[in-house]
2 protein chains.
Amino acid sequence: MIPTMRPFKHPPVNDFSLERLLYALSDPVRLEVVQRLAEVEEASCGELDGGRPKSSMSHHFRVLRDAGLVCTKGVGTTHMNSLRRAELEERFPGLLTAILAQHSLQK
Amino acid sequence: MIPTMRPFKHPPVNDFSLERLLYALSDPVRLEVVQRLAEVEEASCGELDGGRPKSSMSHHFRVLRDAGLVCTKGVGTTHMNSLRRAELEERFPGLLTAILAQHSLQK
DNA sequence: TCCATAGTTCCAATATTATCGAACAACTGA
DNA sequence: TCAGTTGTTCGATAATATTGGAACTATGGA
C-alpha cells in the first residue's frame with residue numbers, strides 16, 4: 001500500500017489575504033460551513049454539505065482552504081475539516097470573532 | 001430650477017446583510033475606497049478613483065452603498081461619500097474595526 | 001444662456017464563479 | 001481482491017461581475 005492520500009495545500013499565515021478571506025465568506029454556502037465548524041470544532045465534508053452535490057462542496061472547501069479559513073486532513077476515508085482559529089486570530093485579530101458573533105445573533 | 005439631484009437609496013440598518021458586506025469588501029478597489037474613507041472621514045468620488053474610469057467607480061460606489069458601507073450625498077456638483085460607521089458598528093459590532101485595523105498594519 | 005465639471009446610466013465585451021454530472025483515487029472491511 | 005464509502009478532479013454550462021466607452025443629467029460659474 002504505497003499511495004497515501006496526499007495532504008492538501010494550506011497557505012501559511014503570512015500568505016493569508018484579507019480580500020481572499022472576505023470573498024470566501026461572502027458565499028452563503030461557505031459562510032454556513034464556517035459557522036457550523038465554529039460550533040462543532042471538527043466535521044467531515046459529508047456532515048457539512050446540505051444535501052448539495054459533492055463536487056460543489058469540494059469546490060467550496062477548496063476556496064475555504066485557500067483563504068486559510070479551513071484546515072482539511074485525511075482521516076481514514078473521510079476528510080476532517082476544522083477552522084484555523086488561532087492563525088486567523090493572529091493574522092486578523094477580532095475578525096473571525098466578529099463574523100461568528102453575527103451569526104449567533106441571527107438564530 | 002426644479003430638478004434636484006435625487007438622493008441615493010441607502011438601506012436601513014435592518015436590511016444590512018453580512019454576506020453582501022463581505023462581498024463588497026472582497027474587491028480590491030472597493031476595499032481601498034473604504035480604507036481611504038476611514039482616514040479622511042469624507043471624500044468625493046473623484047478623490048477616490050485611482051485614475052479609474054468614472055463609470056467603473058460609479059459601479060463600485062453603488063455596491064458599497066447597497067451593502068450599507070457608504071453614504072453618498074450630493075453637495076453642489078460633487079457627491080460626498082462617508083462610511084456609515086455608527087450603523088455598521090451597531091449591526092456588526094467590531095467587524096469594520098477589525099477590517100480597518102488590518103489595513104493600517106499593511107502600510 | 002452657455003460652458004465646464006462631476007457623476008450616473010446604458011450598453012456591450014470580457015472575465016470569474018457557481019453548479020453539478022461523470023470519471024477517478026484513496027481507504028476500509030469483508 | 002473486490003465492493004462500498006468518501007471525496008477530488010475534470011469538463012461543460014449558466015449565472016454574475018468587472019470594465020470602460022458614450023450619451024445623459026445636475027450643478028455652478030462666467
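Proteins get letters first, then strands, A, B, ... in listed order; numbering begins at 1 in each. All of these numbers come straight from a predicted model, not from anything done at the bench.
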Test item: A:V33 and A:L69 side chains (from C-beta on) under 4.5 Å apart, heavy atoms: no
[N] phosphate, OP1 or OP2, under 4.0 Å from [X] side-chain N/O:
X     : N      : answer
A:H59 : D:dG7  : no
A:H60 : C:dT19 : yes
A:S56 : C:dC20 : yes
A:R52 : C:dA18 : no
B:S58 : C:dT8  : yes
A:Y23 : D:dT16 : no

Salt bridge present between A:R85 and A:E41 (N-O < 4.0 angstrom): yes
Can you check the [X] [atom1] to [N] [atom2] distance for me, whole Å?
X     : N      : atom1 : atom2 : answer
A:L48 : D:dT6  : CG    : C1'   : 13 Å
B:F61 : C:dT9  : CZ    : C1'   : 16 Å
A:D49 : D:dT5  : CG    : C1'   : 13 Å
A:K73 : D:dT8  : NZ    : P     : 16 Å
B:E47 : C:dG7  : CD    : C1'   : 14 Å
B:R65 : C:dG7  : CZ    : C1'   : 10 Å
B:D27 : D:dT19 : CG    : C1'   : 11 Å
A:M80 : D:dT8  : CE    : P     : 13 Å

Backbone of A:T72 reached by a side-chain donor or acceptor of A:N81 within 3.5 Å: no
If you check every side-chain atom of [X], which of [options] has the closest atom?
X     : options               : value
A:C45 : C:dA18, D:dT8, D:dT9  : D:dT8
A:K54 : C:dG7, D:dT6, C:dA18  : D:dT6
A:S55 : D:dG20, C:dC20, C:dG7 : C:dC20
B:R30 : C:dA18, C:dT8, D:dT18 : D:dT18
A:T77 : D:dT9, C:dC27, D:dG7  : C:dC27

Show me the donor-acceptor pairs within less than 3.5 Å that the side chains of residues 17-31 of chain A make with the rest of the protein, sequence neighbours left out.
| residue | atom | partner | partner atom | Å |
| --- | --- | --- | --- | --- |
| A:S17 | OG | A:E19 | N | 3.4 |
| A:S17 | OG | A:R20 | N | 3.1 |
| A:R20 | NH2 | A:D15 | O | 3.3 |
| A:S26 | OG | A:Y23 | O | 2.7 |
| A:D27 | OD1 | A:V29 | N | 2.8 |
| A:D27 | OD1 | A:R30 | N | 3.1 |
| A:R30 | NE | A:A24 | O | 2.8 |
| A:R30 | NH1 | A:H60 | ND1 | 3.1 |

Parallel, tilted or perpendicular: rings of B:F16 and B:F92 (30°, 60°): parallel
